[in-house]
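Single-structure report; data block below.
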Amino acid sequence: MKKKQVPTQLFSDYPAFLGEIRERIRSAQVRASFAVNRELIQLYWDVGRLIVSVQDSVGWGKGVIPRLAADIRNDFPELRGFSERNLGRMKAFFAEYRFLPQAGAKLDGLSADTGNLPQAGAELAERALQLPW
């Protein structure tokens with residue numbers, strides 16, 4: 001199949017047009033990666049919170065993490081990132097941020113609205129959501 005050529009003589013400002021399209025594509029890619037990262041961080045914090053909550057309320061020890069990792073691997077064999085080590089890191093991530101109720105409320109509520117949080121808590125929660133995992 002022969003490749004079709006764009007007649008640039010019909011549109012003299014084609015390079016600028018192409019540049020604008022490229023920039024919009026790159027910008028959308030960056031925004032999408034930030035959105036995915038934000039959702040993953042919220043998920044990891046929440047998984048850590050759930051592990052700590054169950055361990056505190058039911059009294060489970062460290063043995064729950066290996067079993068949880070194995071069960072997740074069985075349920076989602078294509079999924080990466082939920083090994084014993086990473087589940088332990090999620091628990092530690094939650095433990096590190098649980099001391100700040102404002103950040104915890106923001107992460108727990110999965111809310112992007114920081115208008116009703118004290119400024120320091122809102123800023124810390126927003127930074128936590130932007131951490132590269």
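In this text the structure is predicted, and so the values were computed from the model without any measurement.
- With hydrophobic clusters built from ILVMFWY side chains whose heavy atoms lie under 4.5 angstrom apart, Ile51 shares a cluster with Phe76.
- Rounding to the nearest 0.5 angstrom, the gap separating the CG atom in Leu18 from the CD atom in Glu23 is 11.5 Å.
- Every residue was checked against the salt bridge (charged side-chain N to carboxylate O under 4.0 Å, His left out) condition with Arg26, not counting sequence neighbours, and none meets it.
- Residues that satisfy the side chain to side chain contact (heavy atoms under 4.5 Å, CB included) test with Val58, not counting sequence neighbours, are Val54, Trp60.
- When each of Asp46, Val47, Leu43 is tested with Met90 by the rule side-chain contact (heavy atoms from CB on, under 4.5 Å), just one qualifies, namely Val47.
- Note: Arg24 CZ to Glu20 CD = 4.5 Å, rounded to the nearest 0.5 Å.
- Taking the six-membered ring where the residue is Trp, Phe17 and Tyr14 present tilted rings, their angle falling between 30° and 60°.
- Heavy atoms only, all atoms of each residue included: Phe93 and Tyr44 are closest at CD2-C, 4.4 Å.
- In this structure, CD1 on Ile41 lies 4.0 Å from CG on Asn37, to the nearest 0.5 angstrom.
- Here the closest non-hydrogen pair linking Ser83 and Ala69 is C-CB, 3.9 Å.
- Under the 3.5 Å distance criterion, the side-chain polar atoms of Ser57 are matched with a main-chain donor or acceptor of Ser53.
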*Passes side-chain contact (heavy atoms from CB on, under 4.5 Å), Leu68 versus Phe82? Steps please.*
CA-CA 9 Å; Leu68 184 59; Phe82 289 87; over 6 Å; no
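- Within the structure, every pair that satisfies the salt bridge (charged side-chain N to carboxylate O under 4.0 Å, His left out) test and touches residues 69-81, not counting sequence neighbours, is listed here: Arg67-Asp71.
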